[in-house]
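Reading through the structure tokens given below for one structure.
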Amino acid sequence: MNADCRPALTLRQDTVGALAAMQTVFARDMKVAFRQRQDLLNPLLFFVMVVTLFPLGVSPEVSFLREAGAGILWVAALLSVLLSLDHLFRHDFDDGTLEQLVLQPQPLFLLVLAKTAAHWVLTGLPLVVLTPVLGVMVHLDGNSIGVLCLTLLIGTPVLSLIGSIGAALTLGLRSAGVLLSLLIIPLYIPVLIFGTGTVASAAEGAPAGAYLALMGAFLVLALTLAPFASAAALRISLFNG
């Protein structure tokens with residue numbers, strides 16, 4: 001899409017507070033995403049295709065799918081979020097909007113947090129909504145599907161927040177997608193382990209509260225630190241690139 005078709009970022013520096021600026025950035029990113037439906041639908045289609053094709057390529061046995069279903073869905077969700085991260089700052093970087101964001105008097109980390117929130121609403125939240133249908137496809141029981149949706153609801157924002165750091169660091173680089181994967185996937189592993197571990201624990205009838213508490217701690221830690229790291233990485237990419 002041409003840069004002229006994208007809504008301009010308009011923040012009046014003298015009157016707009018931090019919260020209003022975050023709302024403006026969030027609303028603009030939502031509008032841009034719905035004008036670029038291909039970028040919006042690609043991660044969701046990828047998620048559905050991976051989960052659908054996995055039983056055909058590995059094993060369609062009910063016992064195997066019931067045991068591995070949570071892991072299949074979590075890995076597919078992780079890769080779908082990773083697929084969408086390259087566009088988190090890329091379009092704004094190409095049309096100059098990102099430089100306007102950096103030059104705003106409002107704290108950059110709050111504006112980055114708003115953009116990351118929009119990314120999660122457009123990518124992570126739809127994955128959570130699709131999970132019950134795909135969970136039935138891999139023969140998960142109702143309790144496992146409920147716990148899986150809860151882990152994805154907590155874990156996908158962490159994936160977006162951590163991913164925003166890598167997207168900011170690789171902004172403007174050639175082969176950024178490959179480098180982004182190498183940087184981010186190791187940081188995703190703890191979330192993946194505890195996400196699938198929570199579902200496995202619930203399926204065995206064991207208490208899953210400790211796993212959920214740890215995932216909640218990951219979310220709080222990511223919300224606290226990732227926007228600052230992403231803002232610093234954006235400044236480095238823009239002014240040292």
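Every value quoted in this text rests on a predicted model; they were computed, and no experiment measured them. Side chains included, hydrogens not; waters and symmetry mates left out as well; all remaining heavy atoms used.
The backbone N or O of V81 lies less than 3.5 Å from a partner atom in the side chain of S84, making a donor-acceptor pair. In this structure a side-chain-to-backbone donor-acceptor pair under 3.5 Å is missing from S201 to G197. Using a distance-only test at 3.5 Å, with no hydrogens or angles considered, a donor-acceptor pair links the side chain of S237 to the main chain of A168.
For the pair V25/Q106, no side-chain contact is recorded, criterion being any heavy-atom separation below 4.5 Å from C-beta on. Looking at T97 and H91, their side chains never come closer than 4.5 Å, going by heavy atoms from C-beta outward. The closest side-chain heavy-atom distance from L45 to V48 is not below 4.5 Å. Contact annotation: the side chain of L82 never approaches that of L159 to less than 4.5 Å [non-hydrogen atoms, C-beta and beyond]. T116 is not listed as a side-chain neighbour of P227, based on a closest heavy-atom distance of 4.5 Å or more. Within the 4.5 Å cutoff, the side chain of H119 has no heavy atoms near those of the D29 side chain.
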Open item on the list: The test is side chain to side chain contact (heavy atoms under 4.5 Å, CB included); show your working for F34 and L122 and say whether it passes.
Closed with: CA-CA 9 Å; F34 282 104; L122 294 165; 4.0 Å; yes

Open item on the list: With side chain to side chain contact (heavy atoms under 4.5 Å, CB included) as the criterion, how do M137 and L65 come out once you've worked through the C-alpha distance, each side chain's angles and the decisive distance to 0.1 Å?
Closed with: CA-CA 9 Å; M137 186 181 299; L65 292 177; over 6 Å; no

TODO: Show your working on side chain to side chain contact (heavy atoms under 4.5 Å, CB included) between V50 and F46 and close with a plain yes or no.
DONE: CA-CA 6 Å; V50 169; F46 179 82; 3.7 Å; yes

- [ ] Take L101 and L234 through the side chain to side chain contact (heavy atoms under 4.5 Å, CB included) test and state the conclusion after the steps.
- [x] CA-CA 10 Å; L101 281 179; L234 281 178; over 6 Å; no

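With F47 as reference, T131 is the one residue of L79, T131, L83 to meet the side-chain contact (heavy atoms from CB on, under 4.5 Å) rule. A ring pair (Phe, Tyr, Trp, His ring centres under 6.0 Å) with F218 holds for exactly one of Y211, F194, Y188; it is F194. For the side-chain contact (heavy atoms from CB on, under 4.5 Å) with V147, the lone residue among L150, I145, N143 that qualifies is N143.
By the rule that hydrophobic residues join a cluster once side-chain heavy atoms approach within less than 4.5 Å of another member, L125 and I162 end up as members of one cluster. No continuous path of hydrophobic side-chain contacts links L214 to V220 [ILVMFWY only; heavy atoms under 4.5 Å]. Cluster membership for I193 and L73, using ILVMFWY side-chain heavy atoms within less than 4.5 angstrom, is not shared. Hydrophobic clustering (ILVMFWY, side-chain heavy atoms < 4.5 Å, transitive): L127 and M30 are in one cluster. L225 and M215 fall into different hydrophobic clusters, defined by Ile, Leu, Val, Met, Phe, Trp and Tyr side-chain heavy atoms under 4.5 Å apart, directly or through other members.
Residues S230 and V112 come closest through the heavy atom pair CB-CG1, 3.6 Å. A77 approaches L152 most closely through the heavy-atom pair CB-CD2, 3.9 Å. Pairing each heavy atom of V128 with each of L153, the nearest pair is CG2-N, 3.9 Å. Residue L140 comes nearest to R66 through the heavy atom pair CD2-O, 3.5 Å, listed as atom of the first residue, atom of the second, then distance. Here the shortest heavy-atom pairing between V199 and A70 reads CG1-CB, 3.5 Å. Considering all non-hydrogen atoms of both residues, L44 and P126 come closest at CD2-CB, 3.5 Å.
For the atom pair M49 CE and S80 OG, the distance stands at 9.0 Å (nearest 0.5 Å). A distance of 6.0 Å separates CG of L98 from CG of L171, quoted to the nearest 0.5 Å. Of the inter-residue distances, the one linking T151 atom OG1 with L192 atom CG reads 10.0 Å to the nearest 0.5 angstrom. Taking CG of L219 as the reference point, atom OG1 of T224 lies at 9.0 Å (rounded to 0.5 Å). Note that the CG atom of L180 and the OG1 atom of T170 stand 4.5 Å from one another [nearest 0.5 Å]. Taking CG of L78 as the start and OG1 of T156 as the end, the distance is 10.5 Å to the nearest 0.5 Å.
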